[in-house]
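Okay, so here's the structure we're looking at.
Proteins come first, then strands; the chains are lettered A, B, ... in the order of their sequence lines, and each starts at number 1. Fair warning: this is a prediction, and the values are worked out from it, not measured in the lab.
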There are 2 protein chains.
Amino acid sequence: MPKRRARTHSSSITSHDIARMTGVSQSTVSRALRGDPHVAAATRERVLQAARELRYVPSDIGRSLSTRLTRRIGMVVTDVANPFYPYLVGPLHDVLDELGYRMVLFAERGEAGALADRLAGQSIDGVVLTTAMLESELARDLHARGLPFVFLNRVAEGVPGDVVTVDNALGASLVGHEVVRRGHTDVAAIFGPLETSTGRDRERGFRVALASAGVQLPEAAVRHGDYHYDTGYEGMLSIMSGTGMRPTAVFCGNDAIAIGALNAARKAGVAVPDEVSIIGFDDIPIADWELIQLTTVHTPASEMAASAGRLLVERIEARPRVLEPRIRIYEPHLVMRRTLADVS
Amino acid sequence: MPKRRARTHSSSITSHDIARMTGVSQSTVSRALRGDPHVAAATRERVLQAARELRYVPSDIGRSLSTRLTRRIGMVVTDVANPFYPYLVGPLHDVLDELGYRMVLFAERGEAGALADRLAGQSIDGVVLTTAMLESELARDLHARGLPFVFLNRVAEGVPGDVVTVDNALGASLVGHEVVRRGHTDVAAIFGPLETSTGRDRERGFRVALASAGVQLPEAAVRHGDYHYDTGYEGMLSIMSGTGMRPTAVFCGNDAIAIGALNAARKAGVAVPDEVSIIGFDDIPIADWELIQLTTVHTPASEMAASAGRLLVERIEARPRVLEPRIRIYEPHLVMRRTLADVS
DNA sequence: TTCTCGCTTGACTACGTATGCAAACCGTGT
DNA sequence: ACACGGTTTGCATACGTAGTCAAGCGAGAA
């Protein structure tokens, strides 16, 4: 950058300007502004006064370059437009904000290597992964690069890192037991992706619960897909029409799928829960709408997000850079609403 | 920072390392990596090779400090947890991503001055405002600071800036005319905040349309509130019980409010649209769910978001820093679904 | 052979902040 | 009057990249 550039960009005020104005050195300005005790009260006052007058705002970039900290964390999601993710992103944003960190959004599309590179560009202190596949190349890359990260909701295998999640298998088994208790014997399911920890664990928990009660889950009545509305909508239509059987209960991998299924049932003129029960997982606020009233497994999304944020920041700010991986597993519980009924 | 710090932080690879390794100067490395033609092909190859081997990733911070550009833009929303905002944030994120910019989330709570300061911390090239009040101190501050910004969806008054929105008054008048055409004479409304451009324009358009047809909108049947589900839910309950009248149609300031109203009607056992029609504004995907099927005004949210992103980036990268404010107003249209019927 | 021109390359500096170290300053006790 | 100790301040530098300027180099022309 040549010296003559001078004022091409909006001439922002720097600590040097304050120094010049108050007649002290730039170092003293820096110290005064950071509240360093080695500054005379009178000097500090003069500096603060000048800073206020000039509407001085310290440059994050200069600071970052010097401290190697950006006070920014990356949030990796599959798909920013998904209407279900604010329940996680919102609370996370708020904790981070309180802790003085800002959130940068990253969408994980295909090429994980490129994303890891971008995350490693130094402009981020840590990463929250909500989107991890069991075999997460991204997590491995982050680990290799020494960039702090935390898994929120989902987990990857074989990569040590902090984890915040619910006991997915337990939650699903609660559903399984309740379905059986209510007399259902013709059961179907639309699970999430097998490549995710939530997909795998929820499927396992549900299957184990049914098996322990001797109830069959015929493979013709099982669907898999990603955690979207459409998966539930199409899965439900295919279950209702495609298979010879008539399931009286359908367990869905999450609420988005369940709501898709609910809408498909309505579309097909099948009454819920009179003709078929539908159960979700997550307990997003929409599940409680009067028009939905979805029976589902409650997960404390806000607390989980907040917890993940705090773990990550702790790790970032930890004095000795190493820290044992910490695992926080929350307990889910079943919320009975109006989409699960006794079999008639 | 003292010289002896050396390797306290994860020793990241810099362009100097590459220079040392290949035996050229750091400037040459920089040039080679940026594709500067004034570099011999052989040299470029050696540099790229070394960079690949060391898994070199340039430091965003160093680059930002040098170029004064961060390739980061701020997205200001009221409330990150709102499930309706992904429809705007998602597409916006995607365009920005294509253009090589990342998105940093900011929540606007109370103190606008503090937010303006944070945004001005140099670590952002521009700002998208979706949350602006008509009297936006934030917009004024940004303008004063010379930080590029664009209004998306809402607008502030008296601050020159790029604007992307729909013709809100027109959209609302479409609803008004259709309601009248279908024979409704007892009409109510739950509008958004008067302090927002959308709130004001949608209210105005609706009132004008009714008035032109000689239909009254009694003040006892009008509510105002923010653009949330709860506003619609409670507003609807209060309209149904509180006023002596029995409206046959209720216009809502946006889909979130309309869906709240829809759920309140169901809760109160009032049939939609047989006993009361409900109309929204925005046409978010949820409006098309089989269980909702909300009649509403369609706004091209994705295109608007994409357009806003492009305008902002153009402004950031514009050669002469000044640029006339550009205004893009999209045309809305009414989407008939199942919550608006002829009066019986 | 020498000069010139163009292509490559290196040295150097700006960018804004934080901080170790050294120097300056002040007051107190002898 | 001087030495000593503590407080306050300034100097110098690191951080990583981009880009200006000037120098080095080699090839072709005269």
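- Whole-Å rounding puts the A/D17 CG to C/dT17 C1' distance at 13 Å.
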Less than 3.5 Å apart, which donor and acceptor atoms pair up between the side chains of residues 79-93 of chain B and the rest of the protein, not counting sequence neighbours?
{"from": "B/D79", "atom 1": "OD1", "to": "B/A81", "atom 2": "N", "distance (Å)": "3.1"}
{"from": "B/N82", "atom 1": "OD1", "to": "B/F84", "atom 2": "N", "distance (Å)": "2.8"}
{"from": "B/Y85", "atom 1": "OH", "to": "B/V80", "atom 2": "O", "distance (Å)": "3.3"}

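- Rounded to whole Å, atom C1' of C/dT17 lies 11 Å from atom CG of A/D60.
- Straight-line distance from the CD atom of A/Q26 to the C1' atom of C/dG16: 7 Å, rounded to whole Å.
- Within 4.0 Å of A/S27, counting heavy atoms only, lies at least one base atom of the nucleic acid.
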Side-chain polar contacts of residues 39-47 of chain B - donor-acceptor pairs under 3.5 angstrom, sequence neighbours left out - could you list them?
{"from": "B/R44", "atom 1": "NH1", "to": "B/D36", "atom 2": "O", "distance (Å)": "3.2"}
{"from": "B/R44", "atom 1": "NH2", "to": "B/V39", "atom 2": "O", "distance (Å)": "3.4"}
{"from": "B/R46", "atom 1": "NH2", "to": "B/T22", "atom 2": "O", "distance (Å)": "2.6"}

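- The interatomic distance linking B/L69 (CG) with D/dG19 (P) rounds to 10 Å, in whole Å.
- Here A/T43 lies in heavy-atom contact (under 4.0 Å) with sugar-phosphate atoms only.
- Scanning residues 28-39 of chain B for heavy-atom distances under 4.0 Å to DNA chain D yields B/S30, B/R31, B/R34.
- Protein atom CG of B/L65 is 11 Å distant from nucleotide atom P of D/dA18, rounded to whole Å.
- Qualifying ring-ring contact (aromatic ring centres under 6.0 Å, His included) partners for A/F149, counting only residues two or more places apart in sequence or in other chains: A/F151.
- In this structure, B/S15 reaches the D/dT17 phosphate: one of its side-chain N or O atoms is under 4.0 Å from OP1 or OP2.
- Among the nucleotides D/dT17, C/dG10, D/dG10, the one closest to the side chain of B/P58 is D/dT17.
- For B/A40, counting side-chain heavy atoms from C-beta on, the closest listed nucleotide (C/dA18, C/dT9, C/dG10) is C/dT9.
- With the nearest nucleotide of DNA chain D identified for both A/R46 and B/T14, A/R46 has the one nearer the 5' end.
- The shortest non-hydrogen separation linking A/M21 to A/L54 is SD-CD1, 3.6 Å.
- For B/Y56 and D/dG16, the shortest distance from a side-chain N or O to OP1 or OP2 is not below 4.0 Å.
- Rounded to a whole Å, the CZ atom of A/R20 is 14 Å from the P atom of D/dG10.
- DNA chain C is contacted by both B/A41 and B/G62; B/A41 maps to the nucleotide lying nearer its 5′ end (nearest heavy atom per residue).
- By the side-chain contact (heavy atoms from CB on, under 4.5 Å) test, A/A306 is found to be paired with A/V95, A/R310, residues two or more places apart in sequence or in another chain being considered.
- In this view, B/E157 and B/R200 satisfy the salt bridge (Lys or Arg N to Asp or Glu O under 4.0 Å) rule, not counting sequence neighbours.
- Computed from coordinates, the B/H16 NE2 to C/dA11 C1' distance equals 11 Å when rounded to whole Å.
- Here the closest non-hydrogen pair linking A/L152 and A/V128 is CB-CG1, 3.9 Å.
- Counting only heavy atoms from C-beta on, B/R68 has its side chain closest to C/dC15 among C/dC15, D/dA18, D/dG16.
- Annotation for B/E317 and B/Y101: closest pair OE2-OH, 2.8 Å, computed over non-hydrogen atoms.
- Remark: C1' of C/dT17 and CD1 of A/I13 are 16 Å apart, rounded to the nearest angstrom.
- Contact annotation: A/S25 side-chain N/O to D/dG10 OP1/OP2 distance is under 4.0 Å.
- Checking C/dA18, C/dC12, D/dG16 against the side-chain heavy atoms of B/S12 singles out D/dG16 as nearest.
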